[in-house]
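The structure appears below as structure tokens.
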2 protein chains.
Amino acid sequence: MTTIKDVAKKAGVSIATVSRVINGNTNVRAQTRENVTKAIEELNYTPSAIAQGLQKKVTKTIGVIFPDASSYYFAEIIRGINRYLQKHAYQVVVSSSHDAEDEAKTFFSLVNGRQVDGVILMMPSIHNAEVINSHIRDLPAVLLNTEINTPESVTLVIDNYQGAYEATIHLVEHGHTKIGFIHGSRNNYDSEERYRGYLNALAEAGIAPDKDLETRGKFIENSGFEAARALMEQENRPTAIFAANDAMAIGAIEAAKRLSLDIPNDVAIVGFDDISTARFISPSLTTVNVPVLKIGQLAGEYLLKQLRGEAKEERDQIAVVPVNFVRRESCGCPPNHHTDGQPN
Amino acid sequence: MTTIKDVAKKAGVSIATVSRVINGNTNVRAQTRENVTKAIEELNYTPSAIAQGLQKKVTKTIGVIFPDASSYYFAEIIRGINRYLQKHAYQVVVSSSHDAEDEAKTFFSLVNGRQVDGVILMMPSIHNAEVINSHIRDLPAVLLNTEINTPESVTLVIDNYQGAYEATIHLVEHGHTKIGFIHGSRNNYDSEERYRGYLNALAEAGIAPDKDLETRGKFIENSGFEAARALMEQENRPTAIFAANDAMAIGAIEAAKRLSLDIPNDVAIVGFDDISTARFISPSLTTVNVPVLKIGQLAGEYLLKQLRGEAKEERDQIAVVPVNFVRRESCGCPPNHHTDGQPN
DNA sequence: TTGAAAGCGCTAACAG
DNA sequence: CTGTTAGCGCTTTCAA
């Protein structure tokens with residue numbers, strides 16, 4: 001293992017000088033710098049990030065904590081985070097967890113071990129958020145999709161409410177009055193917010209909410225299939241269904257097909273997320289596009305801002321990412337293969 | 001920040017003793033141990049992993065390098081890796097990259113910076129694999145889905161050949177003789193192996209391969225759509241198509257629908273991977289199930305084995321993960337909703 | 001069973 | 001411009 005000493009010896013200088021050129025310090029004679037650089041290259045030397053970290057108190061790595069669930073959504077966000085942070089010379093350590101307890105444990109070992117300079121937390125479960133949030137203390141953090149916020153951290157949420165509102169109103173405009181809703185997992189922030197948008201749209205349209213038209217899934221296709229089937233096998237079935245995410249909406253489409261119901265004529269279906277399958281399934285799924293990759297990037301940006309100690313403006317404390325309603329076939333709109341856009 | 005000194009002072013012992021109880025050393029009087037433990041708890045102390053790492057030469061973190069592509073496949077593997085490694089007290093730092101150059105750079109800073117004890121490399125591009133592989137040296141490594149192998153590292157591949165062979169034979173059994181193939185990205189190991197299986201199956205069935213029935217996509221739906229369209233708009237179009245992965249197969253299904261071709265009567269379609277959509281799309285997609293989560297876990301296991309210095313048996317040097325052909329509707333088999341199984 | 005001290009690889013004053 | 005030196009927080013001999 002080649003160390004700074006080896007380089008110093010080879011270049012005929014002190015380790016301090018080597019350190020200077022490594023860190024781009026200007027107080028080094030051009031010739032000396034060159035010698036050192038050459039030695040570094042010849043020895044194929046890279047400074048030990050560990051040793052640097054111990055000394056500088058920064059590790060140039062940030063932790064990302066997210067639920068251990070198979071999800072396009074999380075995967076893409078992490079990709080966005082990673083892409084941005086990597087560009088800015090940060091490493092990303094990911095850490096998933098199944099339950100709240102586990103989550104807290106992981107979190108502590110990461111944070112207390114001074115292994116990370118900051119964290120990005122994805123905790124869709126409202127409860128988890130509180131648990132961890134109370135322990136963030138002074139660590140730079142970005143919280144994703146929770147309603148929790150502290151003076152120390154910034155929270156990033158997508159405009160669930162607005163997206164759900166628009167989607168529901170659109171269904172109303174298609175003439176529907178019996179609009180079903182498939183909830184996501186219990187206590188999930190996104191699901192609740194989408195439900196809120198749905199309810200308000202109904203209210204605004206003068207439609208009384210009907211608990212019989214509501215059911216709950218777990219954000220996966222399977223559960224959407226079952227939930228939709230239950231909804232549609234009722235006597236008084238909905239003529240439209242708004243699912244809290246695309247995976248469940250796709251399950252609902254499949255359920256409708258199994259029941260030989262035509263989409264959108266017998267039942268219109270709308271989702272949320274705009275996963276790539278949405279555009280390819282038949283009928284194509286009307287949904288709300290969430291800029292997942294961008295969310296990851298934003299999370300990275302906000303965290304770096306905090307790390308740099310840049311003053312957070314009041315309005316930055318909690319940022320809302322706009323979403324985009326996209327009409328396809330499953331709501332009853334005519335097919336339009338030109339405006340579908342490209343995947344990220 | 002509370003350090004080992006604080007604990008020592010509080011417990012009235014030396015830092016050496018504190019270190020001993022932290023590391024579970026037995027040479028500590030019960031009473032002393034208790035005092036120290038109490039001090040640790042009261043101060044809510046966690047040893048600095050950084051400092052420990054500098055001293056012990058291990059970081060308890062492993063690096064995972066993979067292509068920066070939106071993919072169910074990679075995401076799930078990473079999830080599997082993370083799940084396993086976390087259970088064994090290892091952190092996972094992920095690092096994606098768009099091009100080979102970038103990849104190599106990231107890799108070096110991670111490895112040379114002594115930030116990781118080992119790496120798991122996913123390099124579907126055959127070229128990339130060589131570049132990096134030549135630099136692995138003595139670092140414990142697990143290579144996924146490449147044909148490269150060194151005495152130092154273990155390679156984990158899925159049985160692409162067998163899966164593709166079975167899928168193609170199945171199409172032949174359905175009576176097809178004009179079976180098209182949609183390649184994945186150029187130089188991709190998985191794609192090439194699946195092609196090999198396809199070719200051999202054809203040969204065995206006494207069917208001459210026809211270059212006009214081959215085309216190339218990029219493993220994403222979009223490209224599968226275009227590739228399939230090109231294939232099917234030909235004079236002498238295939239009556240069956242085998243796509244190198246599910247995403248492209250799904251694009252192909254969509255293309256067939258646009259051309260008003262019935263699946264499977266006008267054209268049968270088979271994919272590879274068994275992503276969750278495969279089971280829900282209509283018609284459901286016949287494909288080859290790849291145990292992604294398990295692959296991640298295996299990768300973790302193999303790496304840990306190396307880390308522990310456990311003797312690798314010869315046959316472990318390159319491990320082949322079996323895959324599973326699953327018949328659904330798109331190949332012409334009757335629907336069977338009971339054997340679909342559950343998603344992971 | 002415990003403590004003193006050296007040192008992991010590096011940075012950052014402080015001198016010169 | 002460059003070298004010396006004192007740590008960063010921890011583990012690990014070596015003595016006691």
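Chain letters run A, B, ... following the sequence lines, proteins first and then strands; every chain starts at 1. Since the model is a prediction, treat every value here as computed from it, not as a measurement.
Rounded to an integer number of Å, the gap from CG of N35(B) to C1' of dT1(C) is 14 Å. We find that CD1 of I40(B) is positioned 14 Å from C1' of dG9(D), with the value rounded to whole Å. Rounded to whole Å, the distance from CG on L54(B) to P on dT11(D) is 11 Å. With rounding to whole Å, K5(A) atom NZ is found 9 Å from dC8(C) atom C1'. Between the CD1 atom of I4(B) and the P atom of dT12(D) there is a distance of 11 Å, rounded to whole Å. Distance CZ (R29(B)) to C1' (dG3(C)): 14 Å, rounded to an integer number of Å. Protein atom CZ of R33(A) is 13 Å distant from nucleotide atom C1' of dT2(D), rounded to whole Å. Rounded to whole Å, the distance from NZ on K56(A) to P on dG9(C) is 17 Å.
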Could you list the donor-acceptor pairs under 3.5 angstrom formed between side-chain atoms of residues 28-35 of chain A and any protein atom two or more places apart in sequence or on another chain?
{"from": "Q31(A)", "atom 1": "OE1", "to": "N35(A)", "atom 2": "ND2", "distance (Å)": "3.2"}
{"from": "R33(A)", "atom 1": "NH2", "to": "N25(A)", "atom 2": "O", "distance (Å)": "2.6"}

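Looking at residues two or more places apart in sequence or on another chain, you find a salt bridge (Lys or Arg N to Asp or Glu O under 4.0 Å) between D68(A) and R79(B), R83(B).
Closest approach to the Q52(A) side chain among dC10(D), dT4(D), dC10(C) is made by dC10(C) (side chain taken as heavy atoms from C-beta onward). Distances from the side chain of A51(B) to the nucleotides dG9(D), dC10(C), dT1(C) place dG9(D) closest. If you check dT1(C), dT2(D), dC8(C) against the side chain of N27(B), the one that comes closest is dT1(C). If you check dT2(C), dG9(C), dT12(D) against the side chain of A16(B), the one that comes closest is dT12(D). Side chain of K57(B), nearest nucleotide from dG3(C), dC10(D), dC8(C): dC8(C). Residue T3(B) has its side chain nearest to dG9(D) when only dG9(D), dT2(D), dT4(D) are considered. Of the candidate nucleotides dG3(C), dA12(C), dC10(D), dG3(C) has the atom lying nearest to any side-chain atom of V13(B).
In terms of heavy-atom proximity, Y302(A) sits nearest to A319(A) at OH-CB, 3.3 Å.
Screening V93(A), V94(A), V116(A) for a side chain to side chain contact (heavy atoms under 4.5 Å, CB included) involving Q91(B) leaves a single residue, V93(A).
The stretch residues 17-25 of chain A touches DNA chain C through S19(A), R20(A), N23(A), each having a heavy atom under 4.0 angstrom from the strand.
Between the T59(B) side chain and the G53(B) main chain, no donor and acceptor come within less than 3.5 Å of each other. Looking only at distances, no side-chain donor or acceptor of N82(A) sits under 3.5 Å from a matching main-chain atom of I78(A).
Within 4.0 Å (heavy atoms only), I15(A) reaches at least one base atom of the nucleic acid.
With a 4.5 Å cut-off on side-chain heavy atoms, I77(B) and V64(B) do not count as touching.
For S48(A), no side-chain nitrogen or oxygen approaches OP1 or OP2 of dG9(C) to under 4.0 Å.
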